[in-house]
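Side chains included, hydrogens not; waters and symmetry mates left out as well; all remaining heavy atoms used.
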Amino acid sequence: GIIGLLATMASLALRTAHKRALIKQAEGELQMISMAALRLAWDSRRWPNTALRNQPGSTEIWDISVASAGIAANDGSYADWKGPYYRGTTTDPWGNPYFFDPDYRINGVDRVVVGSFGPNGVGRNVYDSDDVIVLLDD
């Protein structure tokens with residue numbers, strides 16, 4: 001019985017550690033993507049949704065790998081584009097694309113973020129506690 005209890009505890013600890021590792025991986029990738037989005041904004045004066053840097057708008061980009069996002073490629077929407085700004089993975093550890101959201105709601109305030117829908121994969125304007133985000137407007 002004791003061995004079974006110890007095995008169960010070890011299994012739970014490993015599962016928790018694995019979940020934390022995946023979140024840390026997403027945070028690291030999002031830090032790099034956030035720098036790419038900021039470099040795009042500095043060069044072209046536009047966010048990945050083509051909105052002006054000082055007016056981020058409300059149009060989300062649900063997959064930052066598309067050329068219209070300007071991060072990995074340019075579809076011609078970005079004058080003074082000097083990219084690609086990011087060549088890393090564009091999907092989170094759970095297999096969902098990373099996103100850009102210029103009106104991500106945090107404590108009742110719209111913020112400009114890049115993010116992941118987190119382990120549960122629920123997203124597209126459904127903000128929940130497992131989302132992993134990096135603020136771009138600080």
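The ring-ring contact (aromatic ring centres under 6.0 Å, His included) test applied to Tyr85 returns Trp81, not counting sequence neighbours. Scanning for side chain to side chain contact (heavy atoms under 4.5 Å, CB included) contacts around Val122 gives Asn120, Val126, Asp128, with sequence neighbours left out. Residues meeting the salt bridge (Lys or Arg N to Asp or Glu O under 4.0 Å) test with Asp103, sequence neighbours left out: none. Partners of Asp131 according to the side-chain hydrogen bond (donor to acceptor under 3.5 Å, both in side chains) rule, which considers only residues two or more places apart in sequence or in another chain, are Tyr104. Residues satisfying the side-chain hydrogen bond (donor to acceptor under 3.5 Å, both in side chains) test with Arg87, not counting sequence neighbours, are none. Legend: residues meeting side-chain hydrogen bond (donor to acceptor under 3.5 Å, both in side chains) with Tyr86, ordered by chain and number and at least two apart, are absent.
Val114 is listed as a side-chain neighbour of Leu136, based on a closest heavy-atom distance under 4.5 Å. Residues Pro97 and Thr90 fail the side-chain proximity criterion, which asks for heavy atoms closer than 4.5 Å. Taking 4.5 Å as the limit, some side-chain heavy atom of Val66 sits within range of a side-chain heavy atom of Ile61. When side chains are defined from C-beta on, Leu30 counts as touching Ser116, because their heavy atoms get closer than 4.5 Å.
Between Ala51 and Pro56, the shortest heavy-atom contact is CB-O, 3.4 Å. Closest of all the heavy-atom pairs between Ala26 and Pro93 is CB-CD, 3.8 Å.
Here the straight-line distance linking atom CD1 of Ile33 with atom CD1 of Ile71 works out to 7.0 Å at 0.5 Å rounding.
Of the options Asp101, Leu40, Val112, Ile64, a side-chain contact (heavy atoms from CB on, under 4.5 Å) to Pro48 is made by Leu40 and by none of the others.
Sorted by first and then second residue, the pairs that involve residues 32-53 and meet ring pair (Phe, Tyr, Trp, His ring centres under 6.0 Å), not counting sequence neighbours, are Trp47-Phe100. Annotation: salt bridge (Lys or Arg N to Asp or Glu O under 4.0 Å) contacts involving residues 28-57, sequence neighbours excluded, comprise Arg45-Asp80. Residue pairs satisfying the salt bridge (Lys or Arg N to Asp or Glu O under 4.0 Å) criterion with at least one member in residues 8-25, sequence neighbours excluded, are listed as follows: Lys24-Glu27. Screening residues 56-76 for ring pair (Phe, Tyr, Trp, His ring centres under 6.0 Å), with sequence neighbours left out, gives Trp62-Phe99, Trp62-Phe117. Judged as a salt bridge (Lys or Arg N to Asp or Glu O under 4.0 Å), not a single pair has a partner in residues 56-75 (not counting sequence neighbours).
Under the 3.5 Å distance criterion, the side-chain polar atoms of Tyr78 are matched with a main-chain donor or acceptor of Ser68. No donor-acceptor pair closer than 3.5 Å links the side chain of Asn49 to the backbone N or O of Gly57.
When hydrophobic side chains of Ile, Leu, Val, Met, Phe, Trp and Tyr are connected at separations under 4.5 Å, Met9 ends up clustered with Leu5.
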